[in-house]
Each structure stands twice: as C-alpha cells, then as structure tokens.
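Report on the structure given below.
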Protein chains: 2
Amino acid sequence: MRITPCSECSLRKLECFSKATSDEISFIQSYKKTEIKLSAGKTLVHQGSRNVELYTLKSGWAFRYSLLENGKRQILNFILPGDFIGLQAELDKELNYGIESLTECVFCVFPQDRIMDVYSQYPTLGYDLTWLAAHGELIVDENLISVGGRNALQRIAMLLVSLYKRASSIGEVVDESFNFPITQQHIADSMGLSLVHTNKTMAKLKLYGVQEITNNRIKIRSLDKIARLAEYYSLPLRNRPLL
Amino acid sequence: MRITPCSECSLRKLECFSKATSDEISFIQSYKKTEIKLSAGKTLVHQGSRNVELYTLKSGWAFRYSLLENGKRQILNFILPGDFIGLQAELDKELNYGIESLTECVFCVFPQDRIMDVYSQYPTLGYDLTWLAAHGELIVDENLISVGGRNALQRIAMLLVSLYKRASSIGEVVDESFNFPITQQHIADSMGLSLVHTNKTMAKLKLYGVQEITNNRIKIRSLDKIARLAEYYSLPLRNRPLL
DNA sequence: CGAACCCTTGAAACGGGTCAAATCGTGTGG
DNA sequence: CCACACGATTTGACCCGTTTCAAGGGTTCG
C-alpha cells in the first residue's frame, strides 16, 4: 500500500483546516506510525479495550458508540474525514466506547506513548490537540441537547443539518447531496429513538419535501427549511487543526 | 478579599489530583489573573457571550447549560470543585452555553489570551489541559448515554451515583451523605425529563430505600443497589490535573 | 434461490409529558 | 411575630409521543 506523505495529504488542501507550517507537517509525518485501512462495518477500537492509539480519519465515515447492558447502542458522534480520535482514551483504562467504520476508511495512526513529544516539541500542535478535544465535546454537547430537549422530528432534522454542514465543509456536498452511509438504525441509536419511530419520522420529513435518500446518497432540498424545523443553533465553525 | 496562594490551595491536598511540581504551581500562580466570588444562582458566563476566560472552580457547585428556542434548558454537566471550565469556548465565537452557580462559588480566573504560555513554557501542563478537555467530553458522553438509552429511574440513579462518586473523590461525602444544592428541576433539565415525572421517579427511588434528601443534603443508603439499578458502568477514574 | 439487511407499515401498550392545584418550607416586610 | 410571597416538592387525571410487537417487501450478494 502506497502512503501519501502528509505534506501532500488531500485533506490539507481543504479550506476548513488551518494552515500548518512545513516544520509542523514534517513533525506530524514523523509522529505518524502507519495507516490502517478498514472496510465498511469493521471495528477500529473495541469497547473495553486499553492502550488505544490516536487516529486521524483520513477518508471515509465512522462513528463512536457505547453499548449498554440492556442491549442498546448509543452512538456518541459520527466521525468524518479530518476528525481526530482517541483523546478521550485514558492510558491503561478500559474504554467505555468503541469505534466502527461506516464505509471503507483509512486512519492515520499516532502512537499514544509518544504524545508528549507533541507538547514538548511543537507547543502550537499541543494547543491544537486541546482544541480538538474541546471541539469534540461541543459536538457531543449538541447531540445531548438534541436528545434531551427536542422531539423526534427535530432531532433527526438537526442531525441531518449538522451532517450536511460537516460534509459540506470537507467538500463532500455536490448539488445539495452527499454520500450517506448511515442507516435508519444508526440514526435511531444516535438520537435515542426506536428504529420504527425513526422510520416513520423520516417518512414525515420526506413529506415536508425536505430530504430524500436514494442508494446511499442523501439530498437536502432546503437547508433553511430543515434548519428552521430543528431550531438549529449554528455551531460556531472556524478553521480547525489537522494532525 | 484575601486570596490563598496556589501552593496552599486546599484542593491541591486532595488525593484525587495529580501532584504538580513547585515550578508548575508557581507558573499557575502567575498565570492566574484573579478570583471571582459568586453567590448561589448567579451566572458566571452568559450563553451567547464571547471572549470568555478560563476558570477553575475552587469551591462550590455550578453547572453548564444550554437554552433552546422552545424554552427548554438542557444541563450539559455539573461542575464540582477542581473542574476546569472554558476550553469549549472558541475565541471570538458566541458560546452556545452558559454557566451558573448552584451554591456560593469561587472561581480562579485564567486569561484566555495568554493560554499559549502554558504550552510554550510548561508542555506538561499543556498536556494536562488536553486531558481535562477530553475528560470533560467523557462526562458529557455519560450524560448522553443516559438520556439516550436509559429510562427515567435509571437516568436519575445514574446521575446520583456519578455525583456521589465525584463528591466523594473531593472529600465532600461524610457518612454516605453530601451537600446537594440541586433541585428536581435541575435533575429534570439534565436528564431530559419533565419536572413532574422527575418528582414521581424520585419518590419511587426513595421507596427503594435508596436515597433521601433533607435540607439540601442527600444521603445515599446503598450505593451498590442504586448503581445496579442504573446499570452503572464506572467511569475510569485516575488522578486528574488541577490548574 | 436463499440469506442477510434494510426499509415500511399497522396496531396496541405504555412511559413520560402536560395541565392543574395543593402543600410545604423559608425568607421578607410590615 | 404574623402575613404573605415565592420557590420547591407533591399528587391526580388525562393525553400523546414513542416503544414494542409483528409481519411484509425490497435489494444485494454469494
């Protein structure tokens, strides 16, 4: 498998990521251990495992979830290209969540045990890591706000809007539509709804003429309309760091 | 108002915090701008404000919340002594949440605009900040898991267990009981339940002989029992950094 | 052609929401 | 010291959003 050097990473060309200096990029390159390629539906990290590495999702979609004893699965957040994963892990502690791919995925792997190098050699990147961790919390915040305070229609609308915006920022939206490898079961598990009710609610949303899904691609007809439905409060977006 | 020097901070004597070197402590001292004292029920940070500082809660309890357009308030997490606040903020962006005190509180204030000093001068503290941000996400994760996947009884049980553990780790639990400045409305808003149903559920919990509340103090009779009820999955605890 | 998934739909049961109102402090002012 | 206001806790009745159970249909893939 040929691995592109970090300096030529296609993600880095996107506007949504902040510019790194060439020094930083070559440090990142040296910090990067390898790449992992996963086909769709595979587990990158098992719930309950220890000593997890750090990852950047280079391509594909994935999600982070937690299984409850009652058999339910709560999806904590969806992971899109450029997202950094693993900071929530604590060395030597059992993880309370797992990570699974939705499509074929490529992850860049950074060894957890060398993380202090980042802070001691590139303070700016250290700050970026903090920023990424904090930003991760904001996304979970949004999900909690949805699940805790909105009804089914609004929750799903909210999820679609937020995925649309995230997909859009990395250039995956073409003609108001984008690849959507998420099943209704995923939506249900992420929004704390049953599969059946999720299905009926999405049918209703479709009636509103707002979205339609055909072979793994979703088209959002009117972002305004769906955002109004969700009482969408826009998440502040700024350029984000990429490791 | 007399301000204790960081080196004599009473929190620092607690076992639950990792040890800092005296160098680090004096740096923290110099980074600290001032202290803010708030009486109960006051707002430290308004939702929608910008340019927020960073804070450590030195004493008292507080909480972080977000108001929805439909009038609901979602409590994102409760804040206990030693917790660090404000990393979720992004400079110059509107905050999507506010912070309010539950009791009289004292906050240590650290200027946002000097945060890079931490990373450039004390890499280890920089790493600690990342850890704190990531740990904050874990707590929100737990709430999302509860709200998304558990019923009312379990959610409240879960909340009580987790508050018990957190209070216990900072030495606030005496004889299985601790100060509990949280109203049923707070519990409702944090667990995505209505006030009425929260009340009825707590009455049921009381019947289980599990907890009782008298003048702002809660007594947990059997942590085991209530934890089993909640299908509690213990959050990994390690010593955490204190800034 | 079946197996495995995913999406759909209908009907019935229930957990939790909403509305309304009473009770119980606790602090305030006359 | 009592009267009153205000916030928090309770309780009962009713309603509705969502869950659960059950079953049918579509599509992909070996």
Side-chain angles (χ1 to χ4, degrees), chain A residues 39-42 63 68 70-75 100-104 146-160 179-207 211-218 229, chain B residues 39-42 63 68 70-75 100-104 146-160 179-207 211-218 229:
Chain A
S39 57
K42 291 292 179 296
F63 65 95
L68 304 210
N70 61 23
K72 288 193 179 163
R73 171 179 73 175
Q74 177 64 42
I75 293 184
E100 191 177 313
S101 60
L102 288 163
T103 64
E104 178 175 290
S146 272
V147 178
R150 289 188 246 253
N151 62 26
L153 198 67
Q154 292 185 311
R155 289 185 212 181
I156 295 178
M158 187 71 190
L159 177 64
L160 296 181
N179 273 330
F180 196 75
I182 294 177
T183 68
Q184 297 189 347
Q185 186 67 63
H186 291 119
I187 296 180
D189 289 349
S190 118
M191 294 289 111
L193 296 167
S194 72
L195 173 61
V196 173
H197 194 58
T198 299
N199 179 277
K200 287 170 180 167
T201 306
M202 294 202 68
K204 201 181 290 183
L205 259 185
K206 200 184 214 166
L207 279 186
Q211 113 286 9
E212 94 191 22
I213 300 181
T214 33
N215 57 312
N216 286 339
R217 234 182 135 71
I218 189 172
L229 240 178
Chain B
S39 56
K42 292 291 179 299
F63 66 95
L68 304 210
N70 61 22
K72 288 192 179 164
R73 171 180 72 175
Q74 178 65 43
I75 293 185
E100 190 176 313
S101 58
L102 287 162
T103 64
E104 179 175 288
S146 272
V147 177
R150 287 187 248 253
N151 63 25
L153 200 67
Q154 292 185 311
R155 288 185 213 181
I156 295 179
M158 187 70 189
L159 178 64
L160 296 180
N179 274 329
F180 197 75
I182 294 177
T183 68
Q184 297 189 347
Q185 185 68 65
H186 291 119
I187 296 180
D189 288 349
S190 117
M191 294 290 110
L193 296 167
S194 72
L195 173 59
V196 173
H197 197 246
T198 299
N199 178 277
K200 287 170 180 166
T201 306
M202 295 202 68
K204 201 181 289 184
L205 258 186
K206 201 186 215 166
L207 279 186
Q211 113 286 10
E212 94 191 20
I213 300 181
T214 32
N215 56 313
N216 286 338
R217 234 181 135 72
I218 190 172
L229 239 177

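Proteins come first, then strands; the chains are lettered A, B, ... in the order of their sequence lines, and each starts at number 1.
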Q.
Once rounded to the nearest 0.5 Å, what's the spacing between atom CG of A:Leu193 and atom OG1 of A:Thr201?
A. 6.5 Å
Q: Grab the CG-C1' distance between A:Leu207 and C:dT9 for me, whole Å please.
A: 14 Å
Q | d(CG, A:Asn151; P, C:dG17) in whole Å | A | 13 Å
Q.
Is the shortest side-chain heavy-atom distance between A:Gln154 and A:Met191 below 4.5 Å?
A. no
Q) Shortest non-hydrogen contact from B:Met202 to B:Ile213? A) CE-CD1, 4.1 Å
Q.
Please classify the nucleic acid contact of A:Ala152 as base, sugar-phosphate, or nothing, using heavy-atom distances under 4.0 Å.
A. sugar-phosphate
Q) If you find the nucleotide of DNA chain D closest to A:His197 and the one closest to B:Met202, which residue's nucleotide is nearer the 5' end? A) B:Met202
Q: Look at A:Gln184 and C:dC5 and indicate whether a side-chain polar atom (N or O) is within less than 4.0 Å of OP1 or OP2.
A: no
Q | Closest approach of A:Leu229 to A:Ala157 (non-hydrogen atoms, all atoms of both residues) | A | CB-CB, 4.4 Å
Q.
Need one value for A:Leu195: base, sugar-phosphate or nothing, where a base atom within 4.0 Å counts as base even if backbone is also close, heavy atoms only.
A. nothing
Q. How long is the span from the NZ atom in A:Lys206 to the CD atom in A:Gln211, to the nearest 0.5 Å?
A. 7.0 Å
Q.
Does A:Lys200 contact D:dG17 through a side-chain donor or acceptor facing the base, at a distance under 3.5 Å?
A. no
Q.
So B:Ser194, base contact, sugar-phosphate only, or nothing? Heavy-atom distance under 4.0 Å.
A. base
Q | Rounded interatomic separation in angstrom, taking CZ from B:Arg150 and C1' from C:dG15 | A | 17 Å
Q. Quick one: is D:dT10 close enough that its OP1 or OP2 comes under 4.0 Å of any side-chain N or O from B:Asn199?
A. yes
Q: Remember a base hit wins even if backbone is also touched, and classify B:Gly192 as base, sugar-phosphate or nothing at under 4.0 Å, heavy atoms.
A: sugar-phosphate
Q: Figure out the CG/P separation between B:Leu153 and C:dC14, and round it to whole Å.
A: 18 Å
Q: Round to a whole Å and report the spacing from NZ of B:Lys72 to P of C:dG16.
A: 14 Å
Q: Could you state the atom-to-atom distance from NZ of A:Lys204 to C1' of C:dT9 in whole Å?
A: 14 Å
Q.
I need the CG-P distance between B:Leu193 and D:dT18, as an integer number of Å.
A. 14 Å
**Q.** Closest listed nucleotide, where the reference is the side chain of A:Thr183 and the choices are C:dC7, D:dT20, D:dT10
**A.** C:dC7
Q) In whole Å, what is the span from the CD atom of A:Gln185 to the P atom of C:dC7? A) 9 Å
